[in-house]
Amino acid sequence: MDYLPIFLDLKYKNILVIGAGDVAFNKIKLLLSTHAVINIISKNLCSEIKSLLSQKKVFWISQKFKTSYLKNVFLVIAATNNTELNKKIFKKCSEFKILVNVVDDQSKCSFIFPSIINRSPILIAISSCGTAPVLLRLLRQKIEAMFPKRFGNVAKIAGQFRSIIKKRFSNLLERKRFWEKLFNSVFVQNIINGKEKEAICNLEKMIDKPDALIGEIILVGAGPGNSDLLTLRALQVMQEADVVLYDNLISQDILNLIRRDAKCIYVGKRAGIKSITQEKIIKLLIFLAKQGKKVVRLKGGDSFIFGRGGEELEAAKNANINIQVIPGITAGIGASAYSGIPLTHRNYAEGVVFITGYKCMKNIKNNWPILSDSSYTLVIYMARLQALEISKQLILHGRLKSTPIAIISQGTTINQEVIIGRLDEIDKIFKLIVSPSLLIIGNVVALHKKLEWFKDFSNTQNIKNISSII
Ligand code: SAH
């Protein structure tokens with residue numbers, strides 16, 4: 001991090017602005033909203049600044065800049081078109097340890113202005129640290145769109161009730177629950193729609209009769225690894241969690257999005273490695289929820305697809321604990337999309353079957369004839385250990401040896417690798433690829449060549465064809 005974002009209290013502080021053209025005016029406008037005392041040094045003033053002066057909103061020193069003007073100044077803006085003068089101002093301010101910003105010359109700034117989304121008292125400040133202003137503008141547009149204009153009033157009204165709520169709920173956890181409940185209720189919508197009186201009624205009712213504060217378990221699918229593929233709802237509950245129990249397929253990028261104060265507990269299981277049992281995970285989930293905590297159970301992909309989410313929810317229900325389920329993008333959907341392989345296509349496949357290769361031989365016994373029907377795409381999770389047997393059985397039951405297959409490892413992440421080959425080359429391909437990996441079998445795989453789009457990261461070898469390797 002090259003800069004630390006902080007929020008300065010400039011009320012009644014002396015600010016010196018050197019220069020009085022349009023550029024200076026823009027900064028002055030912003031600074032005026034902080035109730036700072038603004039002194040302007042310049043021989044001439046642009047018309048807008050003249051108008052501010054006539055309204056007694058700023059002070060004017062009609063002189064050339066002198067070092068003595070820096071006395072008792074908290075912050076300086078140099079907005080002149082004289083490069084030498086700007087340089088001198090920067091040097092002097094640095095000497096006197098005064099915050100200084102030479103407009104449009106980042107090398108002569110001890111701080112930079114962020115782009116601000118103002119929903120006072122909520123302020124969102126973003127910056128690209130000077131690297132990509134246009135990108136920043138796009139980002140800002142998105143954030144502006146996320147928060148309605150009256151959003152700040154939600155915080156303002158909540159702020160007015162803070163001490164009452166503090167007295168009413170002396171327990172920190174109860175208080176937190178109250179606020180979460182309030183902010184997830186019609187209270188917010190009423191304020192956004194300008195119905196503040198109604199909103200205050202909502203709040204007062206909730207103070208009088210807060211429902212029993214009870215914990216809950218929220219099963220959240222975190223998607224296949226790329227944090228951009230989290231759902232908005234997943235992100236919201238990750239931000240509200242007291243405790244998060246997460247699996248080994250959850251990437252660090254995703255973990256970084258969990259509320260900082262939440263307790264994160266790793267409960268990952270990997271085939272062949274001794275780890276926590278499913279029984280213990282369930283016990284822990286229930287134990288935490290019974291303490292009144294909001295427990296997020298974070299799983300890779302979607303919790304209901306080979307994720308044992310159903311079992312955990314059943315146990316929670318049996319223990320009378322409130323539950324929610326937030327779907328995630330399962331690896332089969334994510335990895336195929338990021339490899340340009342449509343799982344169904346009118347000219348290639350009528351349907352798609354998701355199966356697991358783990359203990360596959362035992363579970364699908366009599367299904368080989370169906371799975372070998374070339375009008376279906378097969379998406380096989382955890383296929384590595386049984387890969388050879390899967391290909392043998394499919395060929396035996398009628399799939400062509402030349403059926404195209406794709407093995408996608410670390411799908412959707414920047415380390416994604418896709419290897420394309422034939423069904424009878426399956427074991428050779430698996431030897432080339434790291435976990436987690438997904439197997440796709442069927443004619444749709446042929447479309448990858450034309451539709452691939454996610455590549456060209458640092459590793460230019462990302463997309464390979466087995467025939468070029470062996
Ligand atoms: N619930 C998860 C699946 C868990 S089973 C989901 O819906 O995606 C774990 C298996 O999923 C792995 O062995 C692998 O086959 C597959 N998998 C998970 N993430 C993957 C990824 N990013 N790329 C390829 N395969 C992945």
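When a ligand or atom number is given, it counts from 1 through the structure's own listing order.
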(request) Output the set of protein residues with a heavy-atom contact under 4.0 Å to ligand 1, ordered first by chain identifier and then by residue number. (result)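 Within the 4.0 Å shell of ligand 1, which is judged on heavy atoms, sit Pro224, Leu249, Gly300, Gly301, Asp302, Ile305, Phe306, Thr330, Ala331, Tyr381, Met382, Ile408, Gln410, Gly411, Pro436, Ser437, Leu438.
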
(request) Name all pairs fulfilling the side-chain hydrogen bond (donor to acceptor under 3.5 Å, both in side chains) condition that reach into residues 116-130, sequence neighbours left out, sorted by first residue then second. (result)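 Counting only pairs at least two positions apart or across chains, the side-chain hydrogen bond (donor to acceptor under 3.5 Å, both in side chains) contacts touching residues 116-130 are Asn118-Ser120, Arg119-Glu144.
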
(message) Do Gln324 and Arg233 pair up side chain to side chain, a donor and an acceptor below 3.5 Å, judged on atom types alone?
(response)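 Yes, Arg233 and Gln324 have a side-chain donor paired with an acceptor closer than 3.5 Å.
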
(message) Checking the side chain of Trp179 only, and the main-chain atoms of Ile165 only, is there a donor and an acceptor separated by less than 3.5 Å?
(response)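 The answer is no, because no donor-acceptor pair under 3.5 Å joins these two groups.
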
(request) Not counting sequence neighbours, which residues clear ring pair (Phe, Tyr, Trp, His ring centres under 6.0 Å) with Phe161? List them please. (result)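 For Phe161, no residue satisfies ring pair (Phe, Tyr, Trp, His ring centres under 6.0 Å) once neighbours in sequence are set aside.
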
(request) Could I get the full list of salt bridge (charged side-chain N to carboxylate O under 4.0 Å, His left out) partners for Asp261, not counting sequence neighbours? (result)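 With neighbours one apart ignored, the set is Arg259.
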
(request) Carefully, step by step, assess Phe111 and Phe113 under the rule ring pair (Phe, Tyr, Trp, His ring centres under 6.0 Å). (result) CA-CA 7 Å; Phe111 72 95; Phe113 283 94; 5.3 Å; yes

